[in-house]
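Okay, so here's the structure we're looking at.
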Amino acid sequence: MPLLTQQEIKDRALAFAKEWEGTTREKAESQTFWNEFFNIFGLSRRRVASFEEPAKKIGTKPGSIDLFWKGTLIVEHKSKGKDLTKAYQQALDYFPGIQEQDLPQYVLVSDFTNFRLYDLDTSEETDFTLSDLPQKVHLFGFISGYKRHSYHDEDPVNVKVAEKMGELHDKLLISGYAGHELEAFLVRLIYCLFADDTGIFPKDHFHYIIENRTNPNGSDTGSLLATIFQLLNQPTEQRQKSTDEELTQFPYVNGNLFNENLSIPSFDAKMRKLLLESCSFDWGKVSPAIFGSMFQAVMDKGKRRNLGAHYTSEKNILKVVRGLFLDELLQEFDKVKSDAIKLKQLRDRIAQFRFFDPACGCGNFLIITYRELRKLEISILKQLDKLKGCNTRQLVMDVLTISKIDVDSMYGIEIEEFPARIAEVALWLTDHQMNMELSREFGQTFVRLPLKKSAHIYHGNALQLNWETIIEKPSSSDQTTLYILGNPPFVGKKARSEEQNKDMELVFGNADRAGILDYVCCWYVKTMKFIENSRIQAAFVSTNSITQGEQVGALWRFLLRQDIKINFAHRTFRWSNEARGKAAVFCVIIGFAKFDKACKRIFDYSDPNAEPMEIKSKQINPYLVDSDILLINSRGKPICSVPELNFGSMPNDDGNLLFSEDEKAAFLIKEPKAKKYIKPLISAHEFLHGEKRYCLWLKEAEPAEIRELPEVKKRVEAVRQYRSHSTRSATRKLADYPSLFGEIRQPESTFVLIPLHSSENRKIIPMAFCDKTYIANNSCATLPNATLYHFGILQSSMHMAWTRQVCGRLEGRYRYSNNIVYNNYPWPENPTPEKQRRVKEKAQKMLEIRAKFPNSTLADLYDTNATPKALVDAHRELDSAVDACYRSKIFRTEMERLGYLFDLYKHYTIPLIQASEKTKKKERKMKN
């Protein structure tokens, strides 16, 4: 039976109310009452009854439920005038006897005249009388197919449904049904399960057929499914007249989804049970945008334990969609909503939009984009209806033309076939959901069946395909607008496969230093080439590493030469990930084109877990800062007159020169004369966590002394053996002097120690003064000849703002460096002696506060949840003193600090660049 319009449902409800109102009825007539009630919504009571199972009450009380529709509804009917609250409690008494997957969402109690509907998911309770029923039919959208659904990223139903389908996948795979046929079969099942709960099929008709028309042993389940799939691909007028009446209720779908002939899978009782359990879920609650990625994940048993980590949240997708085009459209809609002509023009314009995701996966970015565009179109139509002289109601009578937007406006490329097919189906399902939304708003049934259009989802390697064969670039005279968006794969240099390395070579060619880049950068360059001479706009989610450290110069020098402009950006935020034990991913979103937009926007986060704050900007540079376009290059010397930063010493000894506290004690029992050569060793870990390690430091040892110490000789020999057998020639050369660290850079005086790696959760990277007797490991950097002034600047918010922006990252942790961070840091320009004195004073005070907590490590002191108030206050005073060295005006945000620092960097480096150019010019003249 086709989906009834809302007006038809209201008319039926009115007739039902008139028939039953005012009559004296007994409970014995309830069966007739409910038969006619379900007929209001186009659903036969017989079909609902087919899902009924005996449900036992708790305790010893006898009882029989009036109606139980598995997974949907339970009805308790009473004679006129009976207590409905008591009836509700009686209905709940049946719940302990119902299997979990069959528990209903709704409880309906009635005494012929009065109704009370409980939604157990939302805890909503609605009372109404029989005469009110025509105005309350929207409450029963779960019967008619017009139910309005809200989707939540973490809704357990998404996970449970995906897991159940994963189990069915495994059973079929074990049975020998595998490969392309298995994937195509499951995609068809997904469509049917969605269709059963969203009004494409009569409500629960697919479930009913599987439940009642197949053998419990599953032997004929596969063949029945094959028959259903065949009917879904066959126009109703071409079907055999002898086709079973109940099977003819399946509509003609088309769209090539059911076109391919698949071999028939053999089911058994367990497989049939899994299919029925999948049918029992309310698929109307499942978001196509989320489910596709989850279902893809369950195909991999290794990923299944972290189910929930393998989808992109709608919240994050909307950050891309809104920044790229939607916010502007919503603003325009708000401006023209009182002008019918301009509203129609806006509607016509968005109908010409095309969207392309060149790494689309299961299509979640395209799905959310399509949904939001359709929602805007509905808003436009509703507004037109409100305006005088615009008869939209007459327009909607032609339901086939009411929506000008269709799924063929969506384009994608996906390297794996299965998610590509899911994307195609998920877009059809989203289209249907929006058609139902349109139908609810205008009281007309708008269903696009048979499917005549489909999304253009291509299976292939996006980096090896010519995109112009996938989607045509709009010409300057074309009315079409094209947007490119998505979430290309995050793969770092070390994790790339051989095939991915070949892709990098294909995309970048001989570009300088392309090898250090993340794989995601390929999509930026490929897009850059595709949008040449066009007004196409693009936006990608990427790892934040492409806006930090050495990757910035390698990627953005390439893009900036081709005149790429950044028009909006989300600075670093934490990627949504609810799976336990899964490493966090820190991302950025970059919107770009070959032209500048008048209004540029930066979305800044006070911390990666916070909500963004929008900042209007004039220019967005590759560090996603409102400042001039510049690149921080690797530099061998500081740009300012400050001490030089060095790396610590590297043992390269296979552990033979190193000791823990216990190992040192045991060693000195055997070799007490070696005590003067045992030095405290500081690595980043020991420094931050207050742990102790030691090393054999034989730099000043006489050869004769080493020969007289047998335990020392053993360790030195072990170092020699280790180095001489190395595969690296540089390490083998070090075997010539095995008593020494492989690289020695130990300061000869007191120095500031800087851990090269530190948690991103700390507001600063803790540093400290160390005596020269402490050997700094290569996981640290050392700053000899530093004063309290230098130390104070390095421990300030000003320096940390710079560090956070330009340093590299190891996962989320800061990776400090001399050539990128320290040597490029713009120190205050000519601060007065008094201002320097104040920085020294506040730095000393901060060190004295630290010393008041002798039992706490630096990791303890700088844990954001444990930092003592006195230390917080000391750092604030230090920040105030350091800020005053830069300018008198207060810095309100980190973005202000960064903007100032980038401007100062440019001020310092322009003369250096000019001097370098003069030197090069002079050298060229000398050569000539």
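Applying the side chain to side chain donor-acceptor pair (under 3.5 Å) rule to Asn621 yields no partners; only residues at least two apart in sequence or on another chain are considered. For Arg897, the salt bridge (charged side-chain N to carboxylate O under 4.0 Å, His left out) partners are Asp883, not counting sequence neighbours. For His875, the ring pair (Phe, Tyr, Trp, His ring centres under 6.0 Å) partners at least two apart in sequence or on another chain are Tyr862. Contacts of Trp523 classified as ring pair (Phe, Tyr, Trp, His ring centres under 6.0 Å), with partners at least two apart in sequence or in another chain: Tyr519. Considering only residues two or more places apart in sequence or on other chains, Tyr524 meets the ring pair (Phe, Tyr, Trp, His ring centres under 6.0 Å) condition with Phe540, Phe592. A search for salt bridge (charged side-chain N to carboxylate O under 4.0 Å, His left out) contacts involving Arg728 returns nothing, not counting sequence neighbours. Applying the side chain to side chain contact (heavy atoms under 4.5 Å, CB included) test to Gln548 and every residue at least two apart in sequence or in another chain returns Asn544, Thr572, Arg809. Under the ring pair (Phe, Tyr, Trp, His ring centres under 6.0 Å) criterion, Tyr774 pairs with no residue at all, not counting sequence neighbours. The side chain to side chain donor-acceptor pair (under 3.5 Å) check on Glu611 picks up Lys315, with sequence neighbours excluded. Ser888 is linked by a side chain to side chain donor-acceptor pair (under 3.5 Å) to nothing, counting only residues two or more places apart in sequence or in another chain.
Sorted by first and then second residue, the ring-ring contact (aromatic ring centres under 6.0 Å, His included) pairs with a member in residues 833-854 form an empty list; sequence neighbours excluded. For residues 689-699, the side-chain hydrogen bond (donor to acceptor under 3.5 Å, both in side chains) pairs, not counting sequence neighbours, are Glu661-Tyr694, His685-Glu691, Glu686-Arg693.
Looking only at atom types and distance, the side chain of Thr773 has a donor-acceptor partner in the side chain of Asp771 under 3.5 Å away.
Under 4.0 Å is where a charged nitrogen must lie from a carboxylate oxygen, and between Glu896 and Lys889 no such pair does.
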